[in-house]
Structure formats: C-alpha cells, structure tokens
Colleague: 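Please read through the structure below; I'll follow up with questions.
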Amino acid sequence: MTKASRVAVAVLAASTLLTIGAQPVQAARTTGTAVAATAGGHGGHASPPLRRVTPRDLRIGAAVAGGGHHLEQDYPDPFTHDRPYRRVLAREFDSVSPENQMKWEFIHPERDRYDFGPADAIVRFARQHGQVVRGHTLLWHSQNPEWLAEGTFTKAELRTILKRHIFAVVGRYRGQIHQWDVANEIFNENGEYRQENIWIRELGPGIVADAFRWAHQADPKAQLFLNDYGVEWPGAKVDAYETLAKQLLADRVPLHGFASQAHLSTRYGAPEQLRGVLQRFDDLGLYTAITELDVRMDLPAGSVPTAEQLTVQAQYYKTVLDACLAVDDCNSFTLWGFTDKYSWVPVFFPAEGAATVMWDDFRPKPAYYTVRQTLADARRNGR
Ligand code: 9MR
C-alpha cells in the first residue's frame with residue numbers, strides 16, 4: 001500500500017488500535033534484585049526476543065553504543081569489544097542506529113578524510129543479522145569536527161562541503177539505510193531555528209530543504225526524517241515542525257518522516273499527548289518514528305532504583321510505545337541503548353540514571369517485559 005492510501009484508511013485503523021492503547025499496564029512489582037532472580041540469569045536471553053513479537057509493520061531498534069562514546073570513558077568501544085552486548089543487540093532488535101559512528105566528527109574527522117570503518121562495521125553487522133539501519137545524522141548543530149566548527153569558509157564553500165558530505169556518506173550506504181535523520185534538532189524550544197546550527201546560521205533555513213534533496217538523490221530508497229527531542233508534547237517546537245513539514249511537502253521536497261527522540265525523565269509527566277503529536281504528522285502523509293527512547297530517574301549516587309521507580313519507568317515506556325502503535329504509519333521504535341552499562345544518561349545527568357530496559361549485565365527490567373508484552377498484544381491484535 002502506498003503511504004497515501006494508508007493515510008486514507010488511517011481513520012478505520014485507529015478504532016482497532018485504540019483497543020491496543022487501552023491494554024492494561026503490565027504490573028511490574030519486583031525490585032531490581034527480584035527481577036534479576038525472576039529473569040533466571042538470562043543475561044538478556046529473555047524469550048521470545050523483542051523482534052520476534054514486534055508487529056510486522058514496525059521495526060524495533062536500539063542505538064549501537066560506541067564510536068567516540070559519550071565523553072571520556074574508561075571502557076573499550078562496546079560494539080567492537082563486548083561480545084555479550086553484540087549477542088543481545090543481534091537477538092533482540094531488527095533495527096540499529098549508530099549512536100555516534102555516523103556523526104560528522106567521527107565519520108568526517110578532517111576536511112579531506114572520511115573514517116567509514118566503524119559505520120561500515122555496523123552496516124555489515126545489520127546485514128548479517130537481518131536488521132535495518134537508521135542513519136544518524138547529516139545536518140546538526142552538535143558533534144561537528146573542529147575543522148568545520150572553527151574553520152573560515154565562504155557561504156559557497158560551506159554549501160559545497162555539506163553537499164559533498166551528504167553525497168559521500170549517504171551514497172556510500174545507498175540501498176542499505178532504512179531511514180536517515182537528515183535534519184536533527186533544528187528548532188529551539190520557542191520554535192525558532194537554532195542559530196548555533198552552522199548550516200542554518202551561515203546559509204539560512206533553506207539549506208534544510210537542500211539537505212533533503214541531496215540525501216534523496218544519493219539514496220532514493222531511504223526514508224528521510226526530521227528528528228528532535230522535546231516534541232513529545234504539543235507546543236511551539238511541534239508547531240514549527242508542522243509548519244516546516246507542510247512547506248517542504250508543498251515544495252515537493254523529499255521529506256518522508258517526523259521523529260520524536262523521546263529522551264524522558266520521570267521528573268516530568270509521561271507524554272500522554274505524544275500520540276496526538278504523531279498523528280498530526282501522519283495526517284500530512286508522513287511516516288513517524290520514535291528514535292531515541294530512554295526514561296531516566298532520580299538516582300542519588302550509589303543507590304539502586306526502587307520497585308516503584310521501575311514500575312513508573314515501565315509505564316513511561318508503555319505510554320510511548322502505545323502512542324506509536326496507535327498511529328498508523330509509526331514504523332520504527334528505537335531505544336537509545338538497551339543496557340544501563342553504556343547509557344549516555346549518567347554521564348550527562350549525574351543525579352539520574354537506570355534509563356534503559358536492561359541492567360548492566362543485560363538482565364531485563366520491568367520496562368523490558370512491559371515493552372515486550374505491549375508489542376506482542378499489538379501483533380496479536382493485527383497491528
Ligand atoms: O548518546 C550520544 C552520546 O554518546 C554523545 O556523547 C552525545 C553527544 O552530544 O550524543 C548522544 O546522542 C544524542 C543524539 O545523537 C541526538 N539526540 C540526543 C542524544 C543524547 O544526547
């Protein structure tokens with residue numbers, strides 16, 4: 001079915017999917033220790049794995065840890081060194097997103113040099129394990145190499161640099177990428193273009209459309225996305241994306257999707273309005289996706305989450321998954337890491353942590369079981 005005809009039947013589908021949305025939250029009454037015991041030392045070998053129970057029109061993904069991981073880390077690159085990690089990644093997920101390995105500073109470290117090795121390894125791994133890849137990311141304000149961020153260029157040079165980069169990177173993986181986050185985090189909370197984005201600041205917002213056009217030329221099969229955090233609730237940022245999406249579509253720019261990263265904290269309420277946000281973009285004929293889900297919680301140094309915290313966390317995961325399942329063309333659901341062992345959260349939020357669905361040793365938490373049950377119910381109900 002084409003995207004257009006899927007939109008036409010979305011209203012019909014919504015009535016079925018509402019039932020899924022109303023599934024009771026699976027109770028998660030165990031403490032971290034008790035969960036460890038009930039998981040029976042699975043070390044993540046929970047059965048069946050997530051990818052086996054996921055509805056057929058949805059991809060279940062995880063970020064691939066590594067590649068200049070976080071800031072300074074005292075452990076070796078997880079993807080290349082941690083074999084149990086790789087086993088769980090292969091078994092549980094059918095989509096992978098390089099957490100850092102395709103970002104400018106890693107894949108294009110010098111003006112005349114690309115370092116494709118780590119990204120190549122992920123694309124190869126995905127092929128070997130029947131997974132698709134989400135490419136991340138092409139036009140962003142952050143993690144740009146020094147030569148670019150500190151360099152002096154004319155506008156024409158900058159435009160050529162971006163164009164060549166997109167053709168080089170997207171072209172290299174042509175036909176092997178499911179979705180590209182073409183433009184990442186381009187608006188601030190007030191819905192204004194971020195001026196710290198070098199491309200937008202120097203070349204104007206029109207460069208966003210060009211980035212989409214170039215990416216499409218380089219890989220006509222990849223679905224091209226706008227991606228951001230802080231769009232889990234309606235507001236100025238979501239309005240800005242909706243206005244931009246409408247404009248790009250009116251101008252026949254190859255935009256195919258809108259994604260909510262969904263970096264959440266239990267300090268704030270669960271994103272009950274996410275479904276409505278995604279529906280606004282589905283109504284435009286776009287795919288939607290959850291691309292970076294994690295749910296952090298307050299964890300004073302050295303403490304472990306309480307049973308109650310884990311239950312609340314599981315509910316947040318379910319709220320986000322339910323939103324995606326209830327929207328017809330939400331076709332990708334990705335966790336930003338599946339184990340606390342390599343999560344970015346404690347590095348960036350020192351008083352928070354435990355944000356993923358598995359403990360450091362890959363034993364599942366209540367959130368894992370809730371996600372799996374919710375996926376299985378949706379698949380059984382014909383999603
Ligand atoms: O998880 C990524 C972490 O390893 C990096 O150090 C960090 C640097 O900004 O980026 C993290 O990933 C971000 C993603 O690329 C875009 N959305 C927000 C993510 C969390 O910061």
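Just so you know, these numbers use all the heavy atoms, side chains as well, and skip hydrogens, waters and symmetry mates. Start at 1 with the first residue, then count along the sequence. One-based numbering, in listed order, for ligands and for the atoms of each. Treat the numbers as computed from the prediction; the structure is a model and nothing was measured.
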Colleague: Which atom names give the shortest non-hydrogen contact between Val253 and Arg213, and what distance separates them?
Modeller: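 Reported closest heavy-atom pair: CG2-NH2, 3.5 Å.
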
Colleague: How close do Leu375 and Pro55 get, heavy atom to heavy atom, and via which atoms?
Modeller: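 Looking at all heavy atoms of both residues, the shortest contact is O-CD, 3.7 Å.
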
Colleague: Taking non-hydrogen atoms only, is Asn100 closer than 4.0 angstrom to ligand 1 via side chain, backbone, both or neither?
Modeller: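 For Asn100, the contact with ligand 1 is made by the side chain alone.
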
Colleague: Numbering the atoms of ligand 1 from 1, which are under 4.0 Å from a heavy atom of His263?
Modeller: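 Selected atoms, number and element: 17 (N), 18 (C), 19 (C), 20 (C).
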
Colleague: Looking only at side chains, do Asp82 and Tyr75 share a donor and an acceptor under 3.5 Å apart?
Modeller: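 Distance-only check fails for Asp82 and Tyr75.
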
Colleague: Could an N or O of ligand 1 be found under 3.5 Å from any N or O of Glu185, whether backbone or side chain?
Modeller: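 N/O-N/O distance under 3.5 Å: yes.
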
Colleague: Less than 4.0 Å is my threshold; does some heavy atom of Asn184 fall inside it relative to ligand 1?
Modeller: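 Yes; Asn184 lies near enough to ligand 1 that a heavy-atom distance drops under 4.0 Å.
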
Colleague: Phe153 and Leu148: side-chain contact (heavy atoms from CB on, under 4.5 Å), yes or no, with the steps?
Modeller: CA-CA 9 Å; Phe153 306 103; Leu148 173 64; 4.3 Å; yes

Colleague: At less than 4.0 angstrom from any non-hydrogen atom of Trp336, what atoms of ligand 1 do you find?
Modeller: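 Near Trp336, the atoms of ligand 1 are 1 (O), 2 (C), 12 (O), 14 (C), 15 (O), 19 (C).
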
Colleague: For Phe349, which part has a heavy atom under 4.0 Å from ligand 1: side chain, backbone, both, or neither?
Modeller: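 Neither part.
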
Colleague: What part of Tyr229, side chain, backbone, both or neither, has a heavy atom within less than 4.0 angstrom of ligand 1?
Modeller: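 Under 4.0 Å from ligand 1, Tyr229 contributes no heavy atoms.
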
Colleague: Could I get the full list of ring-ring contact (aromatic ring centres under 6.0 Å, His included) partners for Phe187, not counting sequence neighbours?
Modeller: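 Here the qualifying residues are Tyr193, Tyr241.
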
Colleague: I need the atoms of ligand 1 closer than 4.0 Å to a non-hydrogen atom of His136, numbered in the order shown.
Modeller: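 Counting atoms of ligand 1 from 1, those under 4.0 Å from His136 are 14 (C), 15 (O), 16 (C).
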
Colleague: Listing request: all salt bridge (Lys or Arg N to Asp or Glu O under 4.0 Å) pairs with a residue in residues 178-189, at least two apart in sequence or in separate chains.
Modeller: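 For residues 178-189: Arg134-Asp181, Glu189-Lys237.
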
